[in-house]
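What follows is one structure encoded as structure tokens, with my remarks underneath.
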Amino acid sequence: MARYNPKVEEPRWRAAWREAQTFLTRTPAEAGGRPKYYVLEMFPYPSGKLHIGHARNYVMGDVVARYKRAQGFNVLHPMGWDAFGMPAENAAIQGGVHPKTWTYANIAAMRGQLEQFGLSIDWSREFATCDPAYYGQQQAWFTRLYRRGLVYRRQATVNWDPVDNTVLANEQVIDGRGWRSGALVEKKKLTQWFLRITTYADELIDGLKTLDRWPDKVRLMQENWIGRSRGLRFTFAFAGERPKALESGVFDGIEVYTTRPDTLFGASFVGIAADHPLAEALGRDRPEIAAFAEACRRGAATEAEIETAEKKGLFTGLEVVHPFDPAIRLPVVIANFILMDYGTGAIFGCPAHDQRDLDFARKYDLPVLPVVLPPDATAADFHVGTEAYTGPGRINNSRFLDGLSIEAAKAEAIARIEAAGQGQGSTVYRLRDWGVSRQRYWGCPIPIVHCAQCGPVAVPDDQLPVVLPEDVSFDLPGNPLAHQPTWKLTTCPSCGGPGERETDTLDTFMDSSWYFARFTDPTSPTPIDRAAADYWLAVDQYIGGVEHAVLHLLYARFVTRALRDEGMVGVDEPFAGLFTQGMVTHETYRSEDGRWLSPGEVDYRTEGRHSGLVEIGAGQPVHVGGVEKMSKSKKNVVAPEDIFDQYGVDAARLFVLSDSPPERDVQWTSSGVEGAWRFVNRVWAEVDGFAPAAAGRDDGQAEELLRTTHKLVKAATEGLEHFRFNSAVAQFYAFLNILKRLDGAQGPTRLQALKTFALLIAPFVPHLAEACWERLGGEGMAVDQPWPAFEPALAADDELTLPVQVNGKRRAEIRAPAGAAEDEVRRIVLDDADVARHLEGLAVRKVIVVRDRIVNIVAA
RNA sequence: GCGGACGUGGCGAAACUGGUAGACGCGACGGACUUAAAAUCCGUUUCCCCUGGAGUGCGGGUUCGACCCCCGCCGUCCGCACCA
């Protein structure tokens with residue numbers, strides 16, 4: 001009996017699949033009537049090396065793809081590279097390698113690694129987003145959106161990453177820092193290209209309801225990110241004479257936005273943001289206003305200050321009149337807690353029912369008039385102290401609104417304002433338009449030519465792609481494209497005069513916002529082949545990290561809708577099913593002097609002066625740190641090659657799928673992989689030891705083996721259907737234990753059981769499955785066999801063991817025929833000696849029989 | 001502050017819609033094989049005052065029966081954060 005040798009078997013089966021073109025996608029015609037299934041994992045950035053953490057993502061997708069394939073689906077399972085981005089450019093700056101060279105070299109290396117994983121990928125559809133053939137098509141649809149008005153250019157205050165020297169979208173700023181560089185983001189005013197994602201804000205929220213195979217968590221995060229709120233937008237008219245600065249007539253009043261029009265009678269002031277145009281206008285001849293505004297801007301720059309920020313304001317001396325009563329006048333104040341980029345950048349302050357307004361009012365001694373009475377309070381005894389009241393209640397102190405519910409009062413207030421022509425009910429979103437300009441080289445060039453005569457002109461399709469020039473220098477800071485001497489200068493596609501190319505490139509999230517559609521026909525001369533897209537989209541199962549909940553996943557949903565409105569795709573949503581998988585973590589190690597150590601530099605020692613973990617070579621003890629996501633900086637990474645070399649691909653695949661539920665992190669341990677490796681060998685030993693030629697006869701255990709096998713079919717299928725890979729793996733282990741125990745059955749039943757088992761484990765450990773299938777004399781390859789069918793009748797037990805409870809406590813067990821009627825079970829239970837012992841001295845009040853499950857006797 | 005998720009042995013976890021809590025794996029312990037070790041195989045492994053009792057973060061409740069449902073706490077993690 002030979003030990004299973006993955007070094008021989010695994011490459012052998014990968015070659016066999018390749019040769020048979022097993023994973024080549026079938027066209028709809030070739031697929032016959034088989035339904036399609038599109039499985040996709042978020043494609044990788046080609047950083048250079050894969051670690052075992054990446055593996056989990058692709059292996060999960062592979063399990064799904066192989067399972068669906070066996071079930072008879074026509075599967076699309078492609079792979080590509082999210083290949084534009086900063087690291088390539090940084091490598092060029094630091095190492096003098098051209099980003100293109102660096103990127104394609106990395107892709108080659110990583111493709112080789114990925115192929116080793118034994119993934120059922122159709123490599124014929126591979127592309128990288130930095131291929132001109134890909135980004136040229138991206139430019140083509142970009143110009144279509146431009147003509148449609150979904151792309152525009154404007155000056156805006158943007159997030160500036162001082163380390164990457166580029167602008168970031170709001171979604172790419174995490175806790176005030178760049179999502180990739182980690183640098184504190186600064187505010188800058190720049191002219192930038194934007195995509196009008198806000199046009200789709202409603203659709204993007206409402207569409208979430210249709211995504212019933214998405215995690216609730218992600219849907220909620222998107223909903224909160226888009227942040228829809230309904231309220232009223234209206235204008236306060238100035239009271240009295242307007243100051244000189246405002247004589248230009250631009251300011252007819254101050255437009256505010258509120259979600260609480262019901263509290264209008266509680267207003268004490270009107271506040272505007274420091275960078276509100278009105279504040280800027282006033283600041284022009286009043287230095288104290290300009291100085292205050294400047295102080296606010298500085299203060300708002302850092303996250304920590306916002307945290308504790310004291311409410312500060314500067315009274316302008318202006319007054320406005322209340323919309324419901326011209327006799328009521330409110331002071332206009334510039335306040336540091338009002339954001340210019342939400343709503344209108346101006347509010348009315350109602351201190352009694354908004355905490356910020358209350359803090360402000362207390363500080364500046366403004367009136368606090370409660371206008372909402374809590375349900376159990378009376379006007380006489382209700383006061384607002386230091387806490388604003390935001391709960392339910394009835395309107396009070398509000399003339400015609402008195403007595404109304406909050407909801408009714410909101411409606412009434414809106415109706416009156418609208419009737420008076422002072423404003424209207426409106427919906428406001430937290431979502432901003434997507435800033436897609438990046439001042440970097442290694443990205444998709446924005447296909448626009450700036451012409452002195454015609455302004456910005458989209459490059460026509462027949463002049464696409466606008467290819468990135470390769471002769472650029474990375475010696476100067478800033479955007480290499482801006483310093484490139486020749487590429488930038490061109491002719492205007494519209495008038496033929498001199499023109500200059502836009503030197504900003506597109507956010508790499510643009511590249512990943514439609515790649516799934518391109519995979520449906522990666523060679524199409526148009527961005528998307530409509531027929532192919534109609535057949536394959538939406539992606540049936542998308543798999544990736546939760547970190548993209550409001551980045552990539554939101555952008556892709558938006559772009560899909562924009563392309564739909566261009567008639568380029570027929571779906572609203574790109575991803576029908578989404579699974580967010582957990583990461584692979586590992587312990588971290590540090591040396592005595594604080595250096596991070598990789599797992600390979602650490603060993604366990606029981607002898608000598610230091611027992612426990614020591615640093616190999618130095619012999620010094622090692623400090624074991626927290627279990628963390630694998631990262632280069634902490635050196636807690638495990639290289640796939642090392643694992644494959646020692647245990648094979650299948651053991652590694654099995655381990656990352658076992659132990660923890662897929663959505664949770666799994667901790668990589670060497671003992672864990674060894675466990676998986678043991679399993680691989682035990683499976684092989686069972687199969688190899690049962691040589692079909694020498695097969696004996698079934699004995700009395702055969703029936704149990706048959707039942708066990710069919711129970712496993714059920715358990716494995718359910719595990720796969722519900723993304724409970726860890727449970728499925730556990731069932732495989734359990735089956736193996738039972739198989740060992742039932743060593744009496746050595747006939748056809750065992751052969752059938754082993755063959756079924758080989759097919760069930762195939763999505764998880766595909767190489768081993770093939771080796772087993774072959775050894776068992778199976779026809780063709782395991783990968784081409786249909787998924788074993790579950791037959792309930794064959795899994796059913798004839799007799800069951802039922803627990804018996806007395807007053808809710810488990811006291812005994814009985815044996816009863818499966819499906820036995822209540823009367824019969826009751827008779828068996830009451831005849832049972834053990835049960836009788838526990839019932840001594842008690843009168844049976846009630847016997848509850850749950851069929852095939854449990855019996856509970858209530859006695860007193 | 002707002003929103004959400006989670007809390008089960010020494011560890012990772014399982015338990016379908018309320019029905020035998022701890023499947024499966026890791027670790028540990030004991031045994032077999034071996035001159036020895038590794039590997040492999042077999043067994044034990046929730047805890048305790050062990051013919052029994054307790055037990056799914058804590059305190060209550062509903063139920064014949066609760067890890068699961070309800071109320072109130074505590075803790076951990078995640079997202080958003082002066083969003084009017």
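Here is how names work: the chains are called A, B, and so on, in the same order as the sequence lines, proteins then strands, and each is numbered from 1.
Each of Lys809(A) and Asp354(A) lies near RNA chain B, and the nucleotide nearest Lys809(A) is the one positioned closer to the 5' end. Taking for each of Lys740(A) and Ile338(A) the nucleotide of RNA chain B with the nearest heavy atom, the 5'-most of the two is the partner of Lys740(A).
Nucleic acid contact for Arg228(A): none, since no nucleic acid atom lies under 4.0 Å from a heavy atom of the residue. Using a 4.0 Å heavy-atom cutoff across all strands shown, Gly675(A) reaches sugar-phosphate atoms only and no base atom. Across all strands, Asp359(A) comes closer than 4.0 Å to no nucleic acid atom at all (heavy-atom distances). Within 4.0 Å (heavy atoms only), Arg851(A) reaches no atom of the nucleic acid at all. Across all strands shown, Tyr733(A) has heavy atoms under 4.0 Å from sugar-phosphate atoms exclusively, and none from any base.
Taking atom P in both rC11(B) and rU46(B), the straight-line distance is 13 Å, to the nearest Å.
Residues from residues 545-554 of chain A with heavy atoms under 4.0 angstrom of RNA chain B: there are none.
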Mark up nucleotides 3-21 of chain B, 5' to 3', with B wherever a protein heavy atom is under 4.0 angstrom from a base atom, S wherever such an atom reaches only the sugar-phosphate, and - elsewhere.
SS-------BSS-B--BB-
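Ionic pairing of Arg811(A) and Asp834(A) is not present here: no N-O contact between side-chain nitrogen and carboxylate oxygen is shorter than 4.0 angstrom.
Base-pair partner of rU40(B): rA32(B) (Watson-Crick or G-U wobble, both distances under 3.5 Å).
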